[in-house]
Enquirer: 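Quick one: this structure, given as structure tokens, is what I'll be asking you about.
Atoms considered below: every heavy atom in the structure, side chains included; atoms not considered: hydrogens, waters and symmetry mates.
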Amino acid sequence: MKTRFLKFVLPAFAIMMAIGLAFASEAETVSRIAYYDHPILGVQSTMVSDDCRPGGVLLCKFNGYQLYEEPSLSTQIGKN
């Protein structure tokens with residue numbers, strides 16, 4: 001009786017633990033809004049990852065357009 005119970009409980013416990021750890025280990029990514037100047041539509045917004053920040057070395061682009069931090073298009077954003 002004892003071994004039949006353990007044969008059922010231990011795998012079920014291992015599966016529940018694996019599911020719980022899978023959710024706990026997921027990294028949270030933060031999206032930010034960036035702006036670009038489209039030649040026909042004007043200033044447009046798009047979502048970018050958190051690694052695009054003001055003062056970055058490699059400029060962030062969306063479909064070939066330079067991305068900016070605010071709609072006034074004064075501060076470029078880039079990746080380090």
Enquirer: Return yes if some donor-acceptor pair links the side-chain N/O of Glu70 with the main-chain N/O of Thr75 below 3.5 Å, else return no.
Expert: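 Indeed, once roles are kept as given, a pair shorter than 3.5 Å links the two residues.
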Enquirer: Quick check for you: to the nearest 0.5 Å, what is the distance between Lys79 atom NZ and Lys61 atom NZ?
Expert: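 The NZ atom of Lys79 sits 12.5 Å away from the NZ atom of Lys61.
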Enquirer: Are Val9 and Met16 connected, step by step, through hydrophobic side chains (Ile, Leu, Val, Met, Phe, Trp, Tyr) whose heavy atoms are closer than 4.5 Å?
Expert: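 As far as the 4.5 Å side-chain criterion goes, Met16 and Val9 are not connected within one cluster.
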Enquirer: Can you tell me how the ring of Tyr65 sits relative to the ring of His38, calling it parallel under 30°, perpendicular over 60° and tilted otherwise?
Expert: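 Rings of Tyr65 and His38: tilted, 30 to 60°.
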Enquirer: Atom CG of Asp37 and atom CG of Leu67: how far apart are they, to the nearest 0.5 Å?
Expert: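 Interatomic distance, Asp37 CG to Leu67 CG, rounded to 0.5 Å: 11.5 Å.
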Enquirer: Report the distance from atom CG of Leu59 to atom CD of Gln66, rounding to the nearest 0.5 Å.
Expert: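 With rounding to 0.5 Å, CG (Leu59) is 4.5 Å from CD (Gln66).
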Enquirer: To check you understand the geometry: which heavy-atom pair defines the closest contact between Cys52 and Ile77, and what is its length?
Expert: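 The pair with the smallest heavy-atom distance is CB-CD1, 3.9 Å.
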Enquirer: Find out if a path of hydrophobic residues (ILVMFWY) with successive side-chain heavy-atom gaps under 4.5 Å connects Tyr68 to Ile33.
Expert: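 The answer is yes; both residues are in one hydrophobic cluster.
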Enquirer: On a heavy-atom basis, which atom in Ser49 and which in Arg32 lie closest, and how many Å separate them?
Expert: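 Here Ser49 and Arg32 meet closest at O-CD, 4.3 Å.
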Enquirer: Consider only side-chain heavy atoms of I, L, V, M, F, W and Y, link residues closer than 4.5 Å, and tell whether Tyr36 and Leu58 are in one cluster.
Expert: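 No, it is not one cluster - the side chains of Tyr36 and Leu58 are not joined through contacts under 4.5 Å.
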